[in-house]
2 protein chains.
Amino acid sequence: MLTSKGKYALRAAVYLARHHGAENWTLATEIAEAEAIPKKFLEAILVELRDNHIVTSRRGRNGGYRLSQAPERIGAGDVIRVIDGPLALTPCTSRTQPGPCHDCVDPAICTLRPVLQKARDAIAAVLDGNSLADLVDSVGHSAG
Amino acid sequence: MLTSKGKYALRAAVYLARHHGAENWTLATEIAEAEAIPKKFLEAILVELRDNHIVTSRRGRNGGYRLSQAPERIGAGDVIRVIDGPLALTPCTSRTQPGPCHDCVDPAICTLRPVLQKARDAIAAVLDGNSLADLVDSVGHSAG
DNA sequence: TATTTTACTACTAGGATAATAGGAATTGCA
DNA sequence: TGCAATTCCTATTATCCTAGTAGTAAAATA
Ligand code: FES
Ligand code: FES
């Protein structure tokens with residue numbers, strides 16, 4: 001399951017994708033109200049997305065947030081990874097943040113890993129294969 | 001990510017699959033030692049698996065645990081669902097425990113659901129498509 | 001009846017989640 | 001220059017979840 005934070009982040013990103021334009025800065029307040037996300041919580045999320053180069057921010061009057069790249073070039077998986085961590089089901093099958101499984105007796109002959117690896121690949125294929133732009137016009141008819 | 005509990009459960013189930021036989025009862029202690037799982041914790045896990053008809057138990061001397069069905073008929077996803085909950089990334093995309101997403105403004109026109117639905121289907125295809133028997137002999141060459 | 005083994009109930013330490021609060025820093029405008 | 005808007009930063013909090021541990025009861029067998 002995604003965390004609320006992860007869902008908020010994805011919804012905010014899709015909102016920015018929907019309102020994406022050359023010099024179009026969107027206010028945190030606007031996103032918070034439109035998507036019913038607690039404002040202060042959303043601010044923290046946007047800062048994390050900024051630190052990970054998903055969004056760009058501008059302070060002061062006429063400030064706000066916008067996507068760092070075109071919505072077509074940002075995958076749903078990119079946003080989720082930043083906020084909720086790796087898509088994989090175990091450290092040993094993560095491609096972006098690989099690590100050892102401390103609780104597996106002998107990782108070299110682990111019987112779980114092959115399946116979990118396939119599961120990760122399947123999840124990543126879907127989440128990385130759908131950009132924010134895809135999500136924007138996916139209501140009712142999701143893309144491949 | 002799976003929880004440790006979920007991984008323990010899957011490892012225990014694979015152990016039982018590897019030692020599956022007509023009247024072959026395996027001790028919790030044996031599994032715990034072989035898989036380096038805290039014994040008391042494993043007992044609690046096995047009770048949950050029993051309550052959900054994944055394993056069958058027998059008390060007293062010569063007691064123990066065994067799979068309720070042939071290893072070929074139990075999917076990896078079945079075990080994970082019991083211990084870690086739905087495979088889906090959101091309540092709205094769960095097939096086994098569907099529920100509303102309280103934090104989505106209007107679920108009827110949710111832009112996230114189509115992709116998340118595909119993600120769930122992809123995960124479920126892998127995890128339900130691989131039985132415990134598949135896992136047993138999957139070291140190094142995972143099955144389709 | 002003694003021993004083995006599962007079953008049940010209760011408890012705990014630590015960490016993660018989902019926020020909230022208050023103010024500092026920056027920018028634009030009058 | 002000063003004010004207002006807006007992001008940014010640093011705590012703090014309540015609640016739940018995770019990963020166990022401890023002790024005992026119940027059942028089956030020899
Ligand atoms: S080594 Fe990662 S699940 Fe076994
Ligand atoms: S309704 Fe479930 S993610 Fe929007």
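These numbers were taken from a predicted model, which means no experiment stands behind them. So you know, we letter chains A, B, ... as the sequences are listed, proteins then strands, and number each from 1.
- One finds no side-chain N or O of Thr29(A) lying less than 4.0 angstrom from the OP1 or OP2 phosphate oxygen of dT6(D).
- Formation of a donor-acceptor pair under 3.5 Å by the Asp103(A) side chain with backbone atoms of Tyr8(B) is not found in this model.
- At the heavy-atom level, Ala28(A) lies under 4.0 Å from the strands shown only through sugar-phosphate atoms.
- Remark: Ser4(B) is in phosphate contact with dA19(D), judged by side-chain N or O atoms under 4.0 Å from OP1 or OP2.
- Heavy atoms of Leu27(B) sit under 4.0 angstrom from primed sugar atoms or phosphate atoms, though from no base atom.
- Residues Asp78(B) and Asp128(B) form a side-chain contact, since some pair of their non-hydrogen atoms from C-beta on lies under 4.5 Å apart.
- Residue Ile37(B) contributes atom CD1, which lies 17 Å from atom P of dT18(D) at whole-angstrom precision.
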task = Assess whether side-chain contact (heavy atoms from CB on, under 4.5 Å) is satisfied between Thr29(B) and Lys39(B), documenting all intermediate values.
result = CA-CA 6 Å; Thr29(B) 305; Lys39(B) 193 193 164 195; 3.2 Å; yes
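- As a whole-Å value, the separation of Met1(B) CE from dC17(D) C1' is 17 Å.
- Side-chain N/O atoms of Tyr8(B) include one lying less than 4.0 angstrom from OP1 or OP2 on dG20(D).
- Picking from dT7(D), dA18(C), dG20(D) the nucleotide with the shortest atom distance to the side chain of Phe41(A) gives dA18(C).
- Look at CD on Glu35(A): it is 18 Å from C1' on dA18(C), rounded to the nearest Å.
- With hydrophobic clusters built from ILVMFWY side chains whose heavy atoms lie under 4.5 angstrom apart, Phe41(B) shares a cluster with Tyr65(B).
- Both Leu2(B) and Arg50(A) lie near DNA chain D, and the one whose nearest nucleotide falls closer to the 5' end is Arg50(A).
- Looking only at side-chain heavy atoms (C-beta outward), Gln69(A) and His53(A) stay at 4.5 Å or farther from each other.
- When rounded to the nearest whole Å, the span between CD of Glu30(B) and P of dT4(C) equals 17 Å.
- Counting only heavy atoms from C-beta outward, the side chains of Val126(B) and Asn130(B) approach each other to under 4.5 Å.
- One interatomic measurement links the two molecules: CG of Asp103(A) to P of dT18(D), which rounds to 15 Å at whole-angstrom precision.
- Across the protein-nucleic acid pair, Glu48(A) atom CD and dC9(D) atom P stand 12 Å apart, rounded to whole Å.
- For Thr93(B) (side chain) and Ala88(B) (main-chain N/O), no donor-acceptor pair under 3.5 Å exists by modelled atom type.
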request  = Could you encode protein contacts along nucleotides 10-15 of chain D as a string, one character per nucleotide from 5' to 3', using B for base contact, S for sugar-phosphate-only contact and - for no contact, with a heavy-atom cut-off of under 4.0 Å?
outcome  = ------
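- For the pair Thr111(A)/Arg18(B), a side-chain contact is recorded, criterion being any heavy-atom separation below 4.5 Å from C-beta on.
- What separates CG of Asn52(B) from P of dA7(C) is a distance of 14 Å, to the nearest Å.
- Remark: C1' of dC8(D) and CD1 of Ile45(A) are 15 Å apart, rounded to the nearest angstrom.
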inquiry  = Working note: Ile45(A) + Lys5(A), criterion side-chain contact (heavy atoms from CB on, under 4.5 Å); need CA distance, chi angles, decisive distance, verdict.
reply    = CA-CA 7 Å; Ile45(A) 291 167; Lys5(A) 197 177 176 186; 3.7 Å; yes
ask   = How would nucleotides 22-30 of chain C be written as a contact map, 5' to 3', with B for base contact, S for sugar-phosphate-only contact and - for no contact, using protein heavy atoms under 4.0 Å?
value = BB-SBBBS-
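- Counting only distance, with no hydrogens or angles, the side chain of Arg66(B) and the backbone of Gly21(B) share a donor-acceptor pair below 3.5 Å.
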